[in-house]
Amino acid sequence: MTLEAAFFDRPVLEVAPDLIGCVVVHGPTSGIIVEVEAYHHSEPACHGYVGVTPRTSTLYGPPGVAYVYRSYGIHACMNAVCEREGVGAAVLIRALEPLDGVGLMRERRGAVRDEDLCSGPGKLTQALGIGLDLNGTSLLGDGPIRLDARPADRPAPTVLTGTRIGITKAAELPWRFCAADSPHVSRPRLRAA
DNA sequence: TAAACGATGCCCT
DNA sequence: GGGCATCGTTTAC
C-alpha cells in the first residue's frame, strides 16, 4: 500500500524510524528501506538551515515529495520531504535491501557484492535509476517514485538509533535509524545500544 | 569571478 | 579500517 501525505505530515523524527521496512519503487526496481537519517531546518547539518534557496526550495515544499540533490559533485541522494509545507524537514534514504529488478541494479552498479548494490545514499539512487530530474516529484503514487508501506509478509524490523554519517555540524544528534541485523546498511555499522 | 566545501564511494592497506 | 579523488553549489570577495 502506498504511503499517504498524512504519513509524511508528521514530526520528521517520527517519520524517519517509521520508514524502516517500507519499500521504495522506481520502475522495475525496488528495495526495502534499512537505513535513514532525519534532517530539520533548525539544525546546521540540514541543507535547509540557510533558509529557502533555489537548491532548498523542494525541501520547503509540501510533504510526500522527493528532494533529490547532488552530493560531492557526483552522486545523487534522495530524501522524502516531511512535516507541513514551509517547515523544511526531510528524511534521507541511506540504504536499501534490494527487492525487485536486481539484475538491472547489477547492470547499473557494475560488479559489486549484492549487499553493496544499495548500501549507501549515492549507491541506491544509481541502482534504482533515480536522478536529479526527479527532484520535486511526488512519492504518493502519482509520480515516478513510490513509497509503499511494509509488505504484510515481512516482520516488523527492530530499529536501532545512532548518529548521522558524513557530517561535521550537529554530528552528535542521534538522528540515524537503521534495521538491526541488516547486512545491507551503509559502511559504518551501528552497534546495538 | 574565484575559492571552499561537502548528507560519498572506491580503492588501497 | 582509512585516505583520497571529484566537481557542482554555495558563499565570499
Side-chain angles (χ1 to χ4, degrees), chain A residues 8 11-13 15-17 19-20 22 24 29 31 33-61 63 65-83 87-98 105-136 139 145 147 159-179 182-191:
Chain A
F8 300 98
V12 70
L13 288 176
V15 178
L19 277 174
I20 302 294
C22 295
V24 181
T29 55
I33 299 175
V34 295
E35 181 182 354
V36 299
E37 286 176 2
Y39 286 88
H40 189 267
H41 79 276
S42 61
E43 43 90 14
C46 182
H47 290 169
Y49 189 63
V50 296
V52 182
T53 67
R55 183 199 194 192
T56 63
S57 62
T58 309
L59 193 54
Y60 282 90
V65 165
Y67 167 49
V68 185
Y69 69 93
R70 190 179 300 286
S71 173
Y72 285 86
I74 310 170
H75 315 286
C77 294
M78 179 198 150
N79 300 249
V81 176
C82 295
E83 309 207 10
V87 170
V91 176
L92 169 70
I93 312 296
R94 282 195 58 90
L96 304 175
E97 172 186 334
M105 292 188 194
R106 289 200 193 97
E107 205 171 296
R108 287 168 172 160
R109 290 273 300 129
V112 298
R113 300 179 312 163
D114 278 9
E115 293 82 23
D116 291 330
L117 281 176
C118 300
S119 61
K123 299 177 187 176
L124 72 91
T125 53
Q126 186 188 10
L128 298 209
I130 295 172
L132 296 177
D133 53 315
L134 297 184
N135 182 39
L139 298 171
I145 313 172
L147 275 181
V159 179
L160 301 182
T161 305
T163 53
R164 296 176 293 182
I165 294 176
I167 57 173
T168 57
K169 291 166 283 195
E172 74 287 354
L173 294 177
W175 287 10
R176 175 179 180 233
F177 306 92
C178 70
S182 172
H184 302 274
V185 300
S186 67
R187 201 59 168 143
R189 295 290 173 76
L190 197 57
R191 296 181 323 194

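Note that these values count all heavy atoms, side chains included, but never hydrogens, waters or copies made by symmetry. Each chain gets a letter, A, B and so on, in the order the sequences are listed, and its residues count up from 1.
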### Query
Rounded to whole angstrom units, what separation is found between the CD1 atom of A:I130 and the C1' atom of B:dT8?
16 Å

#### Entry: Rounded distance (Å) that lies between atom P of B:dA7 and atom CH2 of A:W175
15 Å

### Summary
As its Watson-Crick or G-U partner within any shown strand, both distances under 3.5 Å, C:dT6 has none

### Query
Using the rule for Phe, Tyr, His and the six-membered ring of Trp, do A:Y39 and B:dA7 stack at under 5.5 Å and under 30°?
yes

### Task
Taking atom P in both C:dA12 and B:dA7, compute the distance separating them and give it to the nearest angstrom.
16 Å

#### Entry: Contact nearer the 5' end of DNA chain C, comparing A:Y72 with A:T53
A:Y72

### Task
Would you mind telling me which of A:S186, A:S119, A:S182 makes a side-chain hydrogen bond (donor to acceptor under 3.5 Å, both in side chains) with A:E35?
A:S186

### Task
Tell me what A:R164 touches on the nucleic acid: a base, only sugar-phosphate, or nothing, going by heavy atoms under 4.0 Å.
nothing

### Query
Mind checking what makes side chain to side chain contact (heavy atoms under 4.5 Å, CB included) contact with A:L13, not counting sequence neighbours?
A:A38, A:W175, A:F177

### Task
For A:I167, answer base if it contacts any base atom (sugar-phosphate contacts may also be present), sugar-phosphate if it contacts only those atoms, and nothing otherwise; contact means non-hydrogen atoms under 4.0 Å.
sugar-phosphate

### Task
Measure the distance from CG on A:L173 to C1' on B:dA7 and round it to the nearest whole Å.
13 Å

### Task
Can you measure from CZ (A:R94) to CE (A:M78) and round to the nearest 0.5 angstrom?
14.0 Å

### Message
Let's test this: given Watson-Crick or G-U wobble pairing with both distances under 3.5 Å, identify the partner of B:dA7.
### Response
none

### Query
Within the side chain of A:E37, is there an N or O that forms a donor-acceptor pair under 3.5 Å with the backbone of A:I165?
yes

